[in-house]
Visitor: 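I have a structure here, written as structure tokens, and I will follow up with some questions on it.
All ligand and atom numbering here is 1-based and tracks the order in the structure. Side-chain atoms are counted along with the backbone in the values below, which use heavy atoms only and exclude waters and symmetry mates.
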Amino acid sequence: MLFSKNKKIDMTNIPQHIAIIMDGNGRWAKKRGLSRSFGHREGSKTLRKIVEACYELGVKYLTVYAFSTENWSRPKEEVDELMKLLLEYLRNAEKEIKGKNVRIRVIGDRKGLPEEIRTEIDRVEKNTQHISGLDFIIALNYGGRQEITAAVTRLIEDVKAGKVSEINEAEIAKRLYTHDIPDPDLLIRTSGEIRLSNFLIWQSSYSELFFCDVLWPDFTKKHLIEAIMSYQGRQRRFGGLKC
Ligand code: FPP
């Protein structure tokens, strides 16, 4: 049994899908007089620990916001460093998850990514597709509005081709990157910012939101448990009435 502030986490009510906006790498580095890229590197170490923690807690899906469609507007040096980190992670992915039941997937617009990253994504996804424990989903060159626009564009093409007779929510959801992934139960954002920043905007309509001031490199399993316990104290009604 795991504890936080003398309370116990309910292991029978672990959110099935946790989504995380890993914010605050830059501020963490600045506070220490280090480069923003150093902050991202520390952030990737935190991510490794949180993937492990989610796996141990029995979370089925973990989605993290690693690079948004808007992040290209950052200085070239920072973008290059982030791409380098992502490439490194993907190249070592099998080693990272060795002995654990973790499947790795990537959501986002792949066409806009460097060729070598696309190659690694294809390889890792193929090599881990049979794994059924934790689905670790990396949102890369991802933007919620871009995702919905692409889904609607495909839907219109299918309507024109006579493959679909009715436009409804299910037909849109089927064309999102997350078509085979349940919506997040809990969405966490670190660093004190209180917004979604174009992350899973369709899918998080009924997610429980948890915001904390901790900068991402300082986020630990203890903070994750705090977020889960906050989730466990809430009543989810999905627009209905309390039972
Ligand atoms: C936001 O913090 C963070 C990012 C844009 C990048 C997140 C990437 C990682 C944690 C590491 C790489 C991921 C993988 C999958 C290996 P920020 O830079 O906007 O922080 P700030 O708001 O303090 O400036």
Visitor: In Å, rounded to the nearest 0.5 Å, how long is the span from CH2 of Trp72 to CG of Asn141?
Guide: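 These two atoms lie 5.5 Å from each other.
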Visitor: With a 4.0 Å heavy-atom cut-off (strictly under), which part of Glu193 contacts ligand 1: side chain, backbone, both or neither?
Guide: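 Answer for Glu193: neither.
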Visitor: Could you find the nearest protein heavy atom to atom 4 (C) of ligand 1 and give me its residue, atom name and distance?
Guide: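 Checked against all protein heavy atoms, atom 4 (C) of ligand 1 sits closest to His40 CE1, 3.9 Å.
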Visitor: Is there any N or O on Gly26 that sits under 3.5 Å from an N or O of ligand 1?
Guide: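 In this structure, Gly26 places an N or O atom under 3.5 Å from an N or O of ligand 1.
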Visitor: Backbone, side chain, both or neither: what part of Asn71 comes under 4.0 angstrom of ligand 1, heavy atoms only?
Guide: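 Only the side chain of Asn71 comes within reach of ligand 1.
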Visitor: Would you please test Arg36 and Glu77 for salt bridge (Lys or Arg N to Asp or Glu O under 4.0 Å) and show each step?
Guide: CA-CA 10 Å; Arg36 294 181 56 81; Glu77 191 198 337; over 6 Å; no
Visitor: Go through ligand 1 atom by atom and flag the ones less than 4.0 Å from a non-hydrogen atom of Ala66.
Guide: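 Numbered from 1, ligand 1 contributes 6 (C), 7 (C), 8 (C).
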Visitor: Please compare Asn25, Leu47, Leu215 and report which has the shortest non-hydrogen distance to atom 10 (C) of ligand 1.
Guide: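 Minimum heavy-atom distance to atom 10 (C) of ligand 1 goes to Asn25.
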Visitor: Can you tell me how far apart OG1 (Thr69) and OH (Tyr142) are? Round to the nearest 0.5 Å.
Guide: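 Going from OG1 on Thr69 over to OH on Tyr142, the span is 9.0 Å.
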Visitor: Say you draw a straight line from NE2 of His40 to CH2 of Trp216; how long is it, rounded to the nearest 0.5 Å?
Guide: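 So the gap between those two atoms works out to 13.5 Å.
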Visitor: What protein heavy atom is closest to atom 19 (O) of ligand 1, reported as residue, atom name and distance in Å?
Guide: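 It is Arg74 NH2, 2.8 Å.
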Visitor: Would you indicate whether Lys49, at its atom NZ, is surrounded by more than 12 heavy atoms from other residues, nucleotides or ligands within a distance under 6.0 Å?
Guide: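 Not more than 12 within 6.0 Å, no.
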Visitor: Relative to the heavy atoms of Tyr89, which atoms of ligand 1 are at a distance of less than 4.0 Å?
Guide: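 Taking each heavy atom of Tyr89 in turn, ligand 1 has 16 (C) under 4.0 Å.
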Visitor: Can you tell me if Arg234 and Ser230 form a side-chain donor-acceptor pair at under 3.5 Å?
Guide: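 There is such a pair between these side chains.
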Visitor: Tell me the nearest of Ser37, Pro217, Ser44, Gly24 to atom 12 (C) of ligand 1, using heavy-atom distances.
Guide: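 Comparing heavy atoms across Ser37, Pro217, Ser44, Gly24, the nearest one to atom 12 (C) of ligand 1 lies in Ser44.
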Visitor: Heavy-atom count around Arg48 CZ within 6.0 Å, excluding the residue itself: above 12?
Guide: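 Count over threshold, so yes.
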Visitor: Show the atoms of ligand 1 that are less than 4.0 angstrom away from any heavy atom in Leu86.
Guide: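 Matching atoms, with element in brackets: 13 (C), 14 (C), 15 (C).
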Visitor: For atom 23 (O) of ligand 1, which candidate among Lys84, Lys45, Arg27, Met22 provides the closest heavy atom?
Guide: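 Nearest heavy atom to atom 23 (O) of ligand 1 lies in Arg27.
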Visitor: For the atom pair CH2 (Trp202) and OG1 (Thr178), what is the distance rounded to the nearest 0.5 Å?
Guide: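 If we round to the nearest 0.5 Å, Trp202:CH2 and Thr178:OG1 are 9.5 Å apart.
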